[in-house]
Amino acid sequence: MGRHLLHRCDTLENVTPAEPSPIIGLEFLVPDLDGAVAVFTDALGWTVVERGPTADVAGHRAVLTAGPGTAPVVTLLAASDSGPGTVVVDRSPRLTQVVLGTPDVDELGARLNLLGLPTEAAPGGAIVDPAAMAGVWGAAAALVTTEVGDRAPDPAAEE
């Protein structure tokens with residue numbers, strides 16, 4: 001745990017303010033992976049750092065960055081209606097994830113829980129379900145937290 005340890009009885013009013021958790025990644029579901037990649041590479045000058053089949057969702061993805069060491073990393077996901085992995089039933093184009101970096105996943109999770117947003121453990125971080133976040137920002141896009149710092153994984157590998 002970080003230096004701002006939270007307890008279940010705490011409220012955000014009596015807890016030391018959080019340090020900012022920057023957005024380190026965004027994931028979009030796209031209907032045309034080649035076209036979406038072209039916008040980022042040809043028009044915006046971004047670089048593809050990884051491209052190929054996804055590990056957990058049926059489909060292909062491209063991970064892009066504006067340059068070495070820059071954030072956010074953008075993942076473009078073209079889900080398919082069959083294949084290895086989870087099939088995404090609703091493949092309409094949309095923002096699917098906002099990824100925040102934090103030095104203390106547990107503390108950020110506790111803060112989210114105090115706001116009534118349940119977190120679920122995930123490798124290297126936690127997830128707030130898209131349905132819970134829809135009431136917050138008006139879109140069913142998951143909030144994903146991942147640990148950043150000396151022992152943190154590479155954000156591109158998390159996408």
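Residues L108 and S21 are in side-chain contact: their nearest non-hydrogen atoms beyond the backbone lie under 4.5 Å apart. Side-chain contact check for L26 versus Q97: every heavy-atom pair is 4.5 Å or farther apart. For the pair I23 and P72, the minimum side-chain heavy-atom distance is below 4.5 Å. Side-chain contact between L100 and I24: absent, with no pair of heavy atoms (C-beta onward) separated by less than 4.5 Å. For the pair V63/V74, no side-chain contact is recorded, criterion being any heavy-atom separation below 4.5 Å from C-beta on.
For A36 against V30, the heavy-atom pair with the smallest separation is CB-CG1, 4.0 Å. The two residues S82 and S80 make their nearest non-hydrogen contact at O-OG, 2.7 Å. Taking both residues in full, the closest heavy atoms of A58 and V87 are given as CB-CG2, 4.2 Å, listed atom of the first, atom of the second, then distance. Scanning both residues, A126 and T119, for their nearest heavy atoms gives CB-CB, 4.2 Å.
D42 is linked by a side chain to side chain donor-acceptor pair (under 3.5 Å) to nothing, counting only residues two or more places apart in sequence or in another chain. The side-chain contact (heavy atoms from CB on, under 4.5 Å) search around T96 returns E27, L29, R94, not counting sequence neighbours. Evaluation of the side-chain contact (heavy atoms from CB on, under 4.5 Å) rule for A62 yields L33, V37, R51, L64 as partners, not counting sequence neighbours. Taking the side chain to side chain donor-acceptor pair (under 3.5 Å) definition, one finds that T70 meets it with T65, sequence neighbours left out. In this structure D129 satisfies the side chain to side chain donor-acceptor pair (under 3.5 Å) test with no other residue, sequence neighbours excluded.
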Trace of the side chain to side chain contact (heavy atoms under 4.5 Å, CB included) decision for E107 with T102: CA-CA 9 Å; E107 180 190 346; T102 179; over 6 Å; no
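V105 and L112 fall into different hydrophobic clusters, where Ile, Leu, Val, Met, Phe, Trp and Tyr are joined by side-chain heavy atoms under 4.5 Å apart, directly or via other members.
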I'd like a table of donor-acceptor pairs (distance under 3.5 Å, sequence neighbours excluded) in which one partner is a side-chain atom from residues 136-144, with atom names and distances.
residue : atom : partner : partner atom : Å
W137    : NE1  : A139    : O            : 3.2
W137    : NE1  : A141    : O            : 3.3

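Side chain of N113 to backbone of L117: a donor-acceptor contact under 3.5 angstrom is found.
Here the CE-CD1 distance, from M133 to I127, works out to 12.5 Å after rounding to the nearest 0.5 Å. Atom-to-atom distance recorded for D56:CG and L77:CG is 8.5 Å, nearest 0.5 angstrom.
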